[in-house]
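Below is one structure, written out as structure tokens; comments come after it.
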Amino acid sequence: MKPRHFISLLDLSSDEFRGLISRAIALKNHRDPDYQPLKGQVLAMIFEKSSTRTRISFEAGMIHFGGSALFLSPRDTQLGRGEPLQDSAKVISSMVDCIMLRTNKHETVTTFAEHSRVPVINGLTDLQHPCQLLADMQTYFEHRGDIQGKTVAWIGDGNNMCHSYIDAATVLDFKLNIACPSGYEPVKSIVDAAGERVRFFSTPLEAAKGADLLVTDVWASMGQEEEQKQREIAFQDYQINADIMKAANHDALFMHCLPAHRGEEVSADVIDGPQSVIFDEAENRLHAQKALLEFLMCRK
Ligand code: CP
Ligand code: NVA
């Protein structure tokens with residue numbers, strides 16, 4: 001059987017996405033130590049970039065399910081010395097049961113998936129961060145119920161997180177208001193694929209009006225550190241602060257994938273305030289990814 005990969009949210013049907021959310025909530029509410037569906041199975045985790053949440057949640061999730069996880073860095077494997085991706089995918093997938101990658105180039109993950117005989121999971125690329133959206137959507141469903149028909153405001157960089165929000169809007173059928181500084185918009189083909197669900201606004205205040213969920217991310221993502229100063233200028237009017245929260249619906253939630261920079265993309269009173277659910281969101285990485293691992297790895 002051909003393996004099922006998870007490269008973007010568009011790999012899921014709407015029923016599958018909702019099924020993963022329900023399963024994640026069930027796994028969170030009832031942890032049965034005797035339930036070990038991945039006993040003896042191994043997840044290889046390849047990290048070209050840093051991680052706290054993604055690494056720990058995948059590793060802990062595999063241990064909870066009776067399996068184990070290998071942390072692999074290009075620095076210590078032949079990947080860093082230029083071994084072809086195709087060869088690496090064939091070799092690694094002949095020894096493990098699933099591969100999770102966090103890479104710079106999105107094509108590294110798609111090439112791995114093409115040549116792997118086991119499921120490949122995108123743990124973040126420059127283009128997408130779909131695992132984070134599983135956790136974000138679980139968090140929204142837990143606090144407010146189904147997100148269908150609701151309005152989400154994305155304020156900030158048109159980056160990997162923004163792209164995954166656009167895909168989530170398509171699969172779960174919500175509206176996405178985007179406010180990005182000029183020159184930092186999301187990739188056009190991803191926006192176009194979402195059709196009328198995605199709308200652009202020239203200010204964060206306008207994008208926030210009527211929103212049920214407000215989301216932002218760092219102004220400079222991993223790999224863009226040298227652009228930090230230039231981005232601080234471009235994004236200076238794009239902070240989610242109390243005024244922006246006031247423009248949204250009164251029961252709107254605030255999310256951020258973390259790590260966050262208080263005083264830049266979000267003010268401290270918002271991220272540490274009553275509408276913020278960032279720590280539920282972070283914890284849900286574990287539960288949502290356990291549901292994902294079960295979905296991908298227990299199909300045999
Ligand atoms: N949100 C997220 O992916 O966090 P890490 O970079 O710590 O994995
Ligand atoms: N956009 C951020 C997300 C980190 C989880 C980055 O790529 O660095």
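Counting convention: from 1, in listed order, for ligands and their atoms alike. What you see is a predicted model; the values in this text were computed from it and never measured.
- Distances between N or O atoms of S221 and those of ligand 2 include at least one value under 3.5 Å.
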Expected list for residues 241-248: side-chain donor-acceptor pairs under 3.5 angstrom, two or more places apart:
residue : atom : partner : partner atom : Å
N241    : OD1  : D243    : N            : 3.2
N241    : OD1  : I244    : N            : 3.2

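- The closest donor-acceptor contact from the side chain of H163 to the backbone of Q128 lies at 3.5 Å or more, if one exists at all.
- Annotation: M222 places an N or O atom under 3.5 Å from an N or O atom of ligand 2; distance criterion only.
- Remark: minimum distance from atom 4 (C) of ligand 2 to any protein heavy atom is reached at L124 CD1, 3.9 Å.
- Sorted by first and then second residue, the salt bridge (Lys or Arg N to Asp or Glu O under 4.0 Å) pairs with a member in residues 68-79 form an empty list; sequence neighbours excluded.
- Remark: side-chain polar atoms of N122 are not paired, donor with acceptor, to backbone N or O of S8 under 3.5 angstrom.
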Ligand 1: which protein N/O atoms lie under 3.5 Å from its N/O atoms?
residue  : atom  : partner : partner atom : Å
ligand 1 : 1 (N) : Q132    : OE1          : 2.9
ligand 1 : 1 (N) : C257    : O            : 2.9
ligand 1 : 1 (N) : L258    : O            : 2.9
ligand 1 : 1 (N) : R285    : NH1          : 3.4
ligand 1 : 3 (O) : T54     : OG1          : 3.1
ligand 1 : 3 (O) : R102    : NH2          : 3.0
ligand 1 : 3 (O) : H129    : NE2          : 2.8
ligand 1 : 3 (O) : R285    : NH1          : 3.0
ligand 1 : 4 (O) : R53     : NE           : 2.8
ligand 1 : 6 (O) : R102    : NH1          : 2.8
ligand 1 : 7 (O) : T52     : N            : 2.7
ligand 1 : 7 (O) : R53     : N            : 2.8
ligand 1 : 7 (O) : R53     : NE           : 3.1
ligand 1 : 7 (O) : R53     : NH2          : 3.1
ligand 1 : 8 (O) : S51     : OG           : 2.6
ligand 1 : 8 (O) : R53     : N            : 3.4
ligand 1 : 8 (O) : T54     : N            : 2.8
ligand 1 : 8 (O) : T54     : OG1          : 2.7
ligand 1 : 8 (O) : R102    : NH1          : 3.4
ligand 1 : 8 (O) : R102    : NH2          : 3.3

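- Heavy-atom contacts of L258 reach the following atoms of ligand 2: 5 (C) (cutoff under 4.0 Å).
- Taking 4.0 Å as the cut-off, T54 does not count as a neighbour of ligand 2 on heavy-atom distance.
- For R285 and T54, the side-chain atoms include at least one donor-acceptor pair closer than 3.5 Å.
- Scanning the protein heavy atoms around atom 3 (C) of ligand 2, the nearest turns out to be D217 OD2, 3.6 Å.
- The backbone N or O of A252 sits nowhere less than 3.5 Å from a side-chain atom of N249 that would complete a donor-acceptor pair.
- For the pair R4 and F295, the cation-pi test (distance below 6.0 Å, angle within 45°) is failed.
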Check: Hey, mind stepping through E232 and K229 against salt bridge (Lys or Arg N to Asp or Glu O under 4.0 Å) and telling me if it holds?
Finding: CA-CA 5 Å; E232 278 173 22; K229 286 278 162 266; 3.7 Å; yes

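- Nearest to atom 7 (O) of ligand 2 among the protein's heavy atoms is N160 ND2, 2.9 Å.
- Checked against a 3.5 angstrom limit, the closest N/O atoms of H129 and ligand 2 fall outside it.
- With sequence neighbours left out, F235 forms a ring-ring contact (aromatic ring centres under 6.0 Å, His included) with Y184, W219.
- Shown in contact with N159 at under 4.0 Å from a heavy atom are these atoms of ligand 2, numbered in order with element: 1 (N).
- For the side-chain hydrogen bond (donor to acceptor under 3.5 Å, both in side chains) test with N284, the passing option among Q132, Q289, K28 is K28; the others fail.
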